Structures are given as structure tokens and as C-alpha cells.
Amino acid sequence: MENKGITSREDDYSKWYNEIVLRAGLADYSPVKGCMVIKPYGFGIWERMKEQLDKMFKETGHVNAYFPLFIPKSFLSREADHVEGFAKECAVVTHHRLMNNPDGEGVVVDPSAKLEEELIVRPTSETIIWNTYRDWINSYRDLPLLINQWANVVRWEMRTRMFLRTAEFLWQEGHTAHATKNEAIDESRMILDLYAKFAEEWMAMPVIKGIKTANERFAGADETFTIEALMQDGKALQSGTSHFLGQNFAKAFDVTFLNENQKRDHVWATSWGVSTRLMGGLIMTHSDDQGLIIPPRLAPLQVVIVPVPKPNEVINTFVNGIMEELKARGIRVKYDMDKKKRPGFKYNQYELQGVPVRLAIGKRDLENNQVEIARRDTKEKYNQPTEGLTDHIEQLLVDIQNSLFERAKAYRDEHITPVDTFDEFKEVLESKSGFISAHWDGTTETELKIKELTKATIRCIPLDAPEEEGKCILTGQPSGKRVLFAKAY
RNA sequence: CGGGGUGUAGCGCAGCUCGGUUAGCGCGUCUGGUUUGGGACCAGAAGGCCGCAGGUUCGAAUCCUGCCACCCCGACCA
């Protein structure tokens, strides 16, 4: 019995999460603290996310490019807020050579190879990109400039967690330049919608679109838009952000253009990103105590076929027919022909790995011209006639995708609790957790005070928050709308 | 950086309090056989700088000192 099951969410949520990541084969720890090895299965999911997002970026007029990993240290200090936001967590390259240790074993840093100017490993690329854009942008004809890059970045976090917060992570960062303020704002809003659409339609992860408070805003932005998701333990996950950068970086890096009226002006900017953190969100949105659950659209493997009790000529022939039909529909399917492992073992393994649909095929099924279908999300199991099987499975995958979203949305909606007093606020946070919708007086001071008292932060001011007269739960000052609080990852 | 925990076979652990043969168990792996509709069983085998360094001792996984790493909880953050 021991070693087989995984820790339940109720027993220890963090442990459950780590075990899913490790045992489903998504990632491994690395020798360096805070770094992780993303294994083929985990990377397969990320690749699917990447593929879809990339397509959506291209469809909206963006192109990919690549900017360097190393950034001159001085670049970071050009924008005051930006430097303050990131300085604390930058990895710095100081030397460019190692040498044999003159005093013994191993290698040491060669002191004579000290760099003239130290380099930082990008925590994000605004600075190097805007330094480059200065040369690329001269006139309104060069605008808008719509560039994305897929890259790794490094932020030296004190405390790390697989996928959710690692020292190095993979992401995409879009950086755009526009002639007008409104155009830049529209861009950042459009990307926010794109992210929300992706999260909901592909990850089956419901999100709330909103605006960050000044306190939670990206360092260097005038406005930060966010999509916020709710995890099964009641904590919120900032899942993607899109920033309207105003003219801050244009001014810091002197990026100007000649407008149609022959006047020189600073360009307007946006930046936006989602990262491998989404993998963490995916896991914590859907998975259960049996393991991972992956929505069909992102699953590297959508259907697995298990021969019962083991492969043989008759079953193989039968399965090959099914495989061909499924593949012809673009369904990602695998036939597990391992003779050593018994069906029960395989069932558990694929459940752990979150494969959406499992077909089991044995003698009984061949005789009755049927297959046994098990769906991962509901654990439902039933026999299905071979006739029309491909159509059935295709539809089933769609149903699973939808049902995962609906389930997550129902959970999320149940966990948005409106409160009107601070006592209620604390009570809900303690007993129920999740998002708390409450009035706030709009000051950073109050926000920080509430954080200090409860650990909850303002996740966002929802874009669709209705105008509503109310009083701040802490200070009693007037407030025009409710904001969402939560404890966050 | 504070608090807690853990480092022993590929993985999970016991042994350590109270030093003493050849360091054990489960899972996995390999061999052979019997099995086979939800993690099979039997027999055999391989696999270890007991985290690192020093010390105490006739003798250290075990005691002492120092160090390192990782995990969890905080502070900080996407």
C-alpha cells in the first residue's frame, strides 16, 4: 500500500502538489536551489500552451524575436521604479573565466577575468528591448511595433516552488510600441482578453480580469491588468499580466518618433507575459487525489488504450483500426503494449498522469463489439459500442474540456464572497478562503494595513465591477466599487 | 534571513536515544516460473564513500564540532 497513493489535498496541500509534479513526471528538482528540470511530459503540456499562445499572438499581428539573456547592469537603473522592483532579485555576472584551483582541487573564478561592466541575467527584458527600440523607431511609420519573445528569465527568489515560483522560468514577453496612448492601452487590454480566452478555453481555468492596485502594479507600469485564478485551496494565482507602460521606458531610453504632424514625441508602450507558472495553475485548478487532470486540449496524450489483460494479435489488430481513425481526427492517442505491466497498474499510472480518456479492450469487449471507456475527470466508466466510436471520443474530449471548465468555474464562483464588515472579512478568510469581494477606500495605506492584519491582498479591481456605493471595510471611508481580496501565491 | 524538518541502494524508509559481527526493510530493476478485466505471486540475484570535512575511540551510520544541500512554515515576490 505505501508508496502507491499520493498525499491527499486535505492532509497536506503543498505535499500533494509536489507529489503530483514529481510523480506525474512533470518536473524534477535540480542541483541548484529554485531551479527545476522540466521533464518531457511536463514540457509537452507547456509546448501545447506555447503553440496555442504563439498562434494567438501571430493572429493579432505580433512577430517573434529574441533579445539577449545578459543585460548591462546600468540599463536596469534607467527607470527608477523598475530598478526598485527588480534589483533585489537579480543574478549578476561578474567574471568570464574559470581556472584550475592553484591551491588544490577543482576550478575557481579567475580574478583577472573580471568584467568591465557587470551583467545582469534578465529578470524581464524591458530595458534591453527599449534600448534597442530606440534605434528601430524613428517615425510613425515604424509604429506600431509588435514584438514577442519566448525566453527564460531569472529572478532570485528567496522561496521557490515548482512551476509557481522558480529562480529560472520560461515565459513569453510581449513588448510593443505605439504612437498614441489610447492605442497602447487598447493593446494591453486586447492582450488581457487574449490571455483570459486562452486560460478559459484551453486551460479550462476560469479567470477574473482586473486592474492591479498601485501597490501590486508592475514596476515601471502606469497600469497593470491581470487575470486572476482561484486554486483549490482557496488561494489566488496571478496567472498573467499585461502592462500599459505609458511613456516611462520611452523616456528612460529616449525612444522618440516623428509623428504625422512632424512633431517628435515619446512612444507609448506595453508589455505582457505569461509563464510556466500557468503549469502550476493548471495542476491546482483541476487535479485530484488520484493525480493530475489535464484538459484535453492541452494533454500531450488525450487517449490511452490499454489491452486487457495484455496485448495479443487479435486485440492489436482491433486497436490499430481504432488508432488510425482517432489519429485521422488529430486525436493524440497511445496504445500501451507493455507486456510486463498489468492493466490495473496502467490504469493508476495514466490516472496519475491525467490522461483524459482511457480505453480498455479485452476479450469481453471484442466479443461484444465494444470498448470500455473511462474518463479521468469524473472517474465515470462505461461500455461503448465500437460503431461510431471515433465520433463518440471526439465529442467526449470536448465534453471533458467543457466540464472541467464548468466545474472549476462553479468552485470559483462559490468562492467569491461579498462582505461588508472587517469582522466578516476575517471570518470568511479564515473559514472559507477564496476571493472576498469588499469595499476599499482606494489607498495603499489601507491595502497594506489589511495585508498586515490578514495576509490577504487585493488581487484586482475587476473590470466588470459594478458601480456601487459602499464603505471601506477597514476605514469606513466611501468607496465606489468592490475589489477582490484573497491570499495569493 | 528567522523557525521547523530531512540527508542511509534508483525511489520511499528503519537503524542513531544507549558506539560493537557482514548496515537492514519495502518498492523498483534483473533471472526463472506461475499468473492475468483495477497497482499479481513464488524463488533467486544485482545494487551502499550511511550528505561533506574534521575530531573522540581499539572500533563511528550511531557520540562531538564545523560545513553543505534540499524540503516545509514565515518575511519578499510572477
Side-chain angles (χ1 to χ4, degrees), chain A residues 1-7 12-19 21-23 28-36 84-90 105 123-124 153-173 195 212 215-219 221 224 226-229 236-243 271-281 290-291 306-312 315 339-352 358-368 370-372 374 379 381 383 451-452 455 457 459 487-489:
Chain A
M1 271 318 213
E2 54 278 346
N3 256 355
K4 285 183 177 169
I6 58 179
T7 304
D12 188 336
Y13 196 82
S14 295
K15 204 170 172 189
W16 168 82
Y17 176 82
N18 285 331
E19 284 180 15
V21 170
L22 294 171
R23 294 186 54 185
D28 263 337
Y29 288 111
S30 86
V32 178
K33 180 177 164 65
C35 292
M36 65 191 286
E84 195 177 331
F86 287 104
K88 293 190 295 288
E89 48 191 28
C90 284
E105 296 287 293
T124 178
V153 288
V154 169
R155 296 180 189 174
W156 215 264
E157 301 290 348
M158 295 187 220
R159 185 152 169 231
T160 59
R161 273 197 108 187
M162 292 271 203
F163 290 114
L164 294 173
R165 179 168 293 104
T166 44
E168 178 192 15
F169 57 93
L170 306 182
W171 77 346
Q172 57 70 216
E173 46 180 324
Y195 283 160
K212 285 293 190 187
N215 181 245
E216 297 275 333
R217 198 142 62 199
F218 175 74
T224 289
T226 178
I227 51 170
E228 297 285 326
L237 183 76
Q238 178 176 310
S239 305
T241 47
S242 179
H243 316 290
S271 71
W272 27 274
V274 294
S275 71
T276 36
R277 173 177 247 206
L278 288 177
M279 292 282 293
Q290 272 66 52
V306 178
V308 179
K310 62 180 178 185
N312 65 44
I315 296 178
K339 296 188 198 70
K340 299 282 174 60
K341 296 188 172 65
R342 307 175 82 204
F345 182 89
K346 293 177 181 177
Y347 298 167
N348 284 290
Q349 191 59 31
Y350 291 114
E351 277 162 15
L352 176 63
R358 181 183 75 232
L359 306 186
I361 300 173
K363 191 160 165 247
R364 199 163 68 206
D365 303 297
L366 294 178
E367 280 162 5
N368 298 324
Q370 64 178 33
V371 300
E372 182 192 83
K379 315 257 179 54
K381 211 155 78 163
N383 295 321
K451 181 180 178 183
E452 186 191 322
K455 304 255 192 289
T457 51
R459 300 323 302 152
K487 288 184 186 167
Y489 273 99

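Just so you know, these numbers use all the heavy atoms, side chains as well, and skip hydrogens, waters and symmetry mates. Naming convention: chains lettered A, B, ... in sequence-line order (proteins, then strands); numbering from 1 in each chain. Since this is a predicted model, take the numbers as computed values, not measurements.
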#### Entry: Sugar-phosphate, base or nothing in reach of Lys346(A), heavy atoms under 4.0 Å
nothing
#### Entry: Nucleotide of U36(B), A78(B), G74(B) approaching Glu157(A) most closely (side-chain heavy atoms)
A78(B)
### Message
On the side chain of Arg23(A), is there an atom forming a donor-acceptor pair with the base of G12(B) - under 3.5 Å, no angle test?
### Response
no
### Presence of donor-acceptor pair under 3.5 Å, side chain of Glu351(A) and base of G38(B)
yes
### Message
I'd like to know if the side chain of Arg277(A) and the backbone of Gln238(A) have a donor-acceptor N/O pair within less than 3.5 Å.
### Response
yes
### Message
Under 4.0 Å, heavy atoms only, any strand: does Thr224(A) hit a base, just the sugar-phosphate, or nothing?
### Response
nothing
### Task
Quote, to the nearest angstrom, the P distance that separates U62(B) from C18(B).
14 Å
### Task
State the CH2-CD distance between Trp272(A) and Glu173(A), to the nearest 0.5 angstrom.
10.0 Å
### Task
Using a heavy-atom cut-off of under 4.0 Å over every strand shown, decide if Asn18(A) touches base, sugar-phosphate, or nothing.
sugar-phosphate
### Interatomic distance at P, C27(B) relative to A43(B), whole Å
12 Å
### Message
What contact category does Phe169(A) fall into here, base, sugar-phosphate, or nothing, at under 4.0 angstrom with non-hydrogen atoms?
### Response
base
### Query
How far, in whole Å, is G7(B) from C13(B) if one measures between their P atoms?
8 Å
### Query
How far, in whole Å, is C64(B) from G19(B) if one measures between their C1' atoms?
13 Å
### Query
Does Lys341(A) make a side-chain N or O approach to OP1 or OP2 of U36(B) shorter than 4.0 Å?
no
### Integer angstrom distance from the P of U17(B) to that of G33(B)
47 Å
### Message
Would you measure the distance from the P atom in G2(B) across to the matching atom in U57(B) and give it in whole Å?
### Response
34 Å
## Note on the structure
Every stem of 3 or more Watson-Crick or G-U pairs under 3.5 Å that RNA chain B joins, in order of first number, is B:1-7 with B:68-74, B:10-13 with B:24-27, B:29-34 with B:40-45, B:51-55 with B:63-67
### Query
Judged by atom type as modelled, is there a donor-acceptor pair below 3.5 Å linking the side chain of Lys487(A) to the main-chain atoms of Thr457(A)?
no
### Task
Tell me what Leu164(A) touches on the nucleic acid: a base, only sugar-phosphate, or nothing, going by heavy atoms under 4.0 Å.
base
### Query
Has the side chain of Gln290(A) got a donor or acceptor atom that lies under 3.5 Å from a matching backbone atom of Asn348(A)?
no
### Value in whole Å for how far the C1' atom of G38(B) lies from CD of Glu372(A)
9 Å
### Message
Taking only side-chain N and O atoms of Arg342(A), does any of them lie within less than 4.0 angstrom of OP1 or OP2 on U35(B)?
### Response
no
### Message
For Arg358(A) and Val306(A): C-alpha separation, side-chain torsions, deciding distance, then whether side chain to side chain contact (heavy atoms under 4.5 Å, CB included) applies.
### Response
CA-CA 7 Å; Arg358(A) 181 183 75 232; Val306(A) 178; 4.2 Å; yes
## Note on the structure
Looking only at C72(B), A78(B), G37(B), the nucleotide nearest the Arg364(A) side chain is G37(B)
### Query
NA contact type, Glu228(A), heavy-atom cut-off 4.0 Å: base, sugar-phosphate, or nothing?
nothing
### Message
Suppose you measure atom P in G55(B) against the same atom in G12(B); what distance do you get, rounded to whole Å?
### Response
32 Å
### Query
Any donor-acceptor pair under 3.5 Å linking the side chain of Tyr347(A) with the backbone of Ala360(A)?
no
### Summary
Pro309(A) has its side chain closest, among U36(B), G37(B), G39(B), to U36(B)
### Message
Is it the case that G74(B) (base atoms only) and Lys455(A) (side chain only) share a donor and an acceptor within less than 3.5 Å, ignoring hydrogens and angles?
### Response
no
### Query
Closest to the Lys363(A) side chain: G38(B), G37(B), C76(B)?
G37(B)
